[in-house]
Amino acid sequence: MSESVPTPNVPAESVPPRTNPCAPPPQDQSPMRVVVGVLALLMSILGFWMLLDVSFRATTKFPCEHDFHHGIDSPVLAVELASKKEELESAIRPACSEQVNLAKRAEQDALLARLQSQADRSLRRNTIADCFFIPLYTSFLWSFGTLFAIRGNGSRMALRHLLSVVLIVTAVADYFENCGIFRALRLNPSNAVAQQISGPSRFKWTALGIALLVVALILLRSGNAIYSLATRRLFAIGFGATGILTVVGVWRPVLIGLATTLFSLLVLLQIVALLGPFVAAWVKPTPPPYRDNFCEEKKAKASLAAHR
């Protein structure tokens, strides 16, 4: 007969609670989360207005069709990546052929001048707005990367410092680009002016692509429980794909348009994911009514349907 080994009395406080790996992440409502969500919201509002201001055929907006070099659809991007006089002139002084051809011959020159002046004002407004958009998108990427630059053991990642440096370089290059655009709008397009814009612009897009790749790497290594592991991995794939498209788009400009669309979608998802719990707290939940005989009713309905 074997003797039973007594088990020691272990305090309940010292036993770690069992966690459910399928449980949703805790709803962290830290101030940094709010800051990132608000930055994403402000950036989306300003970016949407900037997009509408250069849209084709919109009232008091960019009035001419988007027929630019390298198949680019955005007049702003066409100005940024124009490497010679002809490419820059096609964006700043568009032909507006579709509207001009419908006018009488005597009115065509006056109409073209008016449409080109309207396009000039639209590009000028967009460049001024971009001076405010630059601190918004760089601050969003920095704060978003900093928010998730934390490992599972609570230590901070050194990648956040690299992200800061790359974003500062991106912002400086973007402001140099805007200075070149203002110069092009004030003077006649030339090869020299085009190089003053395209040089900083290509440098900016390359640095921005690197910043997006750093954010993707941070999300892959992050242990921040604001998002679940699967969500962090999915967003890492999205930011990584956007960064690759942006860098490659320096040589194939059409891809930059695709990258900006994907980035806009990622930002909108961050607004919902980061600010959603705060908005949900204001909405009164409506739980479904409990019914004791739900299963019996379903069986009765299924039996009745089978005998019909």
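Note that the structure is a prediction, hence the values are computed from the model and not measured. These numbers come from the heavy atoms of this one structure, side chains and all, not from hydrogens, waters or symmetry mates.
- Here Leu123 contributes atom CG and Ile128 contributes atom CD1; the two are 11.5 Å apart, rounded to the nearest 0.5 Å.
- In the hydrophobic clustering of ILVMFWY residues, with side-chain heavy atoms under 4.5 Å counting as a link, Met43 and Trp49 come out together.
- Side-chain contact between Gln270 and Val36: absent, with no pair of heavy atoms (C-beta onward) separated by less than 4.5 Å.
- Distance CG/Leu159 to CZ/Arg221: 5.5 Å, rounded to 0.5 Å.
- Atom CG of residue Leu255 and atom CG of residue Leu262 lie 12.0 Å apart, to the nearest 0.5 angstrom.
- By the 4.5 Å heavy-atom criterion applied to side chains, Leu77 and Trp205 are counted as neighbours.
- Taken from CD in Gln195 to CG in Leu88, the straight-line distance is 10.5 Å, to the nearest 0.5 Å.
- Side-chain contact between Glu177 and Ile181 is present, with at least one heavy-atom pair separated by less than 4.5 Å.
- In the model, Ser264 has no side-chain atom that pairs as donor or acceptor with a side-chain atom of Thr261 under 3.5 Å.
- The closest side-chain heavy-atom distance from Met50 to Asp130 is below 4.5 Å.
- Criterion: ILVMFWY side-chain heavy atoms under 4.5 Å apart, direct or through other members. Under it, Trp142 and Phe132 are part of a common hydrophobic cluster.
- For the residue pair Asn224/Ser222, the side-chain donor-acceptor check at 3.5 Å is not satisfied.
- Closest approach of Val193 to Ala184, counting heavy atoms only: CG1-CB, 3.5 Å.
- Scanning both residues, Ala207 and Thr170, for their nearest heavy atoms gives CB-OG1, 3.2 Å.
- If you chain together hydrophobic residues whose side chains sit under 4.5 Å apart, Leu269 and Met32 fall into the same group.
- Ring-plane geometry between Phe148 and Tyr227 is classed as tilted, the angle between the planes lying from 30 to 60 degrees on a 0 to 90 degree scale.
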Test side-chain hydrogen bond (donor to acceptor under 3.5 Å, both in side chains) on Thr146 and Ser143; report intermediate values, then the result. CA-CA 5 Å; Thr146 302; Ser143 58; over 6 Å; no
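- Within 6.0 Å of the CZ atom in Arg151, the count of heavy atoms belonging to other residues, nucleotides or ligands exceeds 12.
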Candidate pair Leu213 and Leu217, rule side-chain contact (heavy atoms from CB on, under 4.5 Å), full reasoning: CA-CA 6 Å; Leu213 291 174; Leu217 184 57; over 6 Å; no
As a quick check of understanding, evaluate side-chain hydrogen bond (donor to acceptor under 3.5 Å, both in side chains) for Tyr137 and Asp174, giving each step before the final call. CA-CA 11 Å; Tyr137 80 78; Asp174 208 344; 2.9 Å; yes
Stepwise ring-ring contact (aromatic ring centres under 6.0 Å, His included) check, Phe235 with Phe144: CA-CA 12 Å; Phe235 281 138; Phe144 182 78; 7.3 Å; no
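- Counting all heavy atoms, side chain and backbone alike, Ser83 lies closest to Ser198 at CA-OG, 4.0 Å.
- The two residues Leu212 and Gly243 make their nearest non-hydrogen contact at CB-CA, 3.8 Å.
- Of the possible donor and acceptor atoms, one in the side chain of Arg33 sits under 3.5 Å from a partner among the backbone N and O of Leu274.
- Put simply, the side chain of Leu208 reaches to within 4.5 Å of the side chain of Leu141, judged on heavy atoms.
- Around OH of Tyr175, the count of heavy atoms belonging to other residues, nucleotides or ligands within 6.0 Å exceeds 12.
- Atoms CH2 and CD1, from Trp251 and Ile256 in turn, are 10.0 Å apart once rounded to the nearest 0.5 Å.
- Hydrophobic cluster membership differs between Val169 and Phe133, with clusters built from Ile, Leu, Val, Met, Phe, Trp and Tyr side chains linked at under 4.5 angstrom.
- Contact between Gly240 and Ala216 at its shortest, heavy atoms only, is N-CB, 3.5 Å.
- One distance of note links CZ of Arg156 with CD1 of Ile150; it measures 5.0 Å at 0.5 Å rounding.
- The heavy-atom pair separating Thr242 from Phe263 by the smallest distance is CG2-CB, 3.8 Å.
- Within 6.0 Å of atom CZ in Phe182, more than 12 heavy atoms from other residues, nucleotides or ligands are found, so the atom counts as buried in its surroundings.
- Hydrophobic clustering places Phe239 together with Leu136 (ILVMFWY residues linked when any side-chain heavy atoms are closer than 4.5 Å, directly or through intermediates).
- Here Glu80 does not pair with Arg202 in a salt bridge; the nearest charged N to carboxylate O distance is not below 4.0 Å.
- Using a 4.5 Å heavy-atom cutoff, the side chains of Val35 and Leu39 are in contact.
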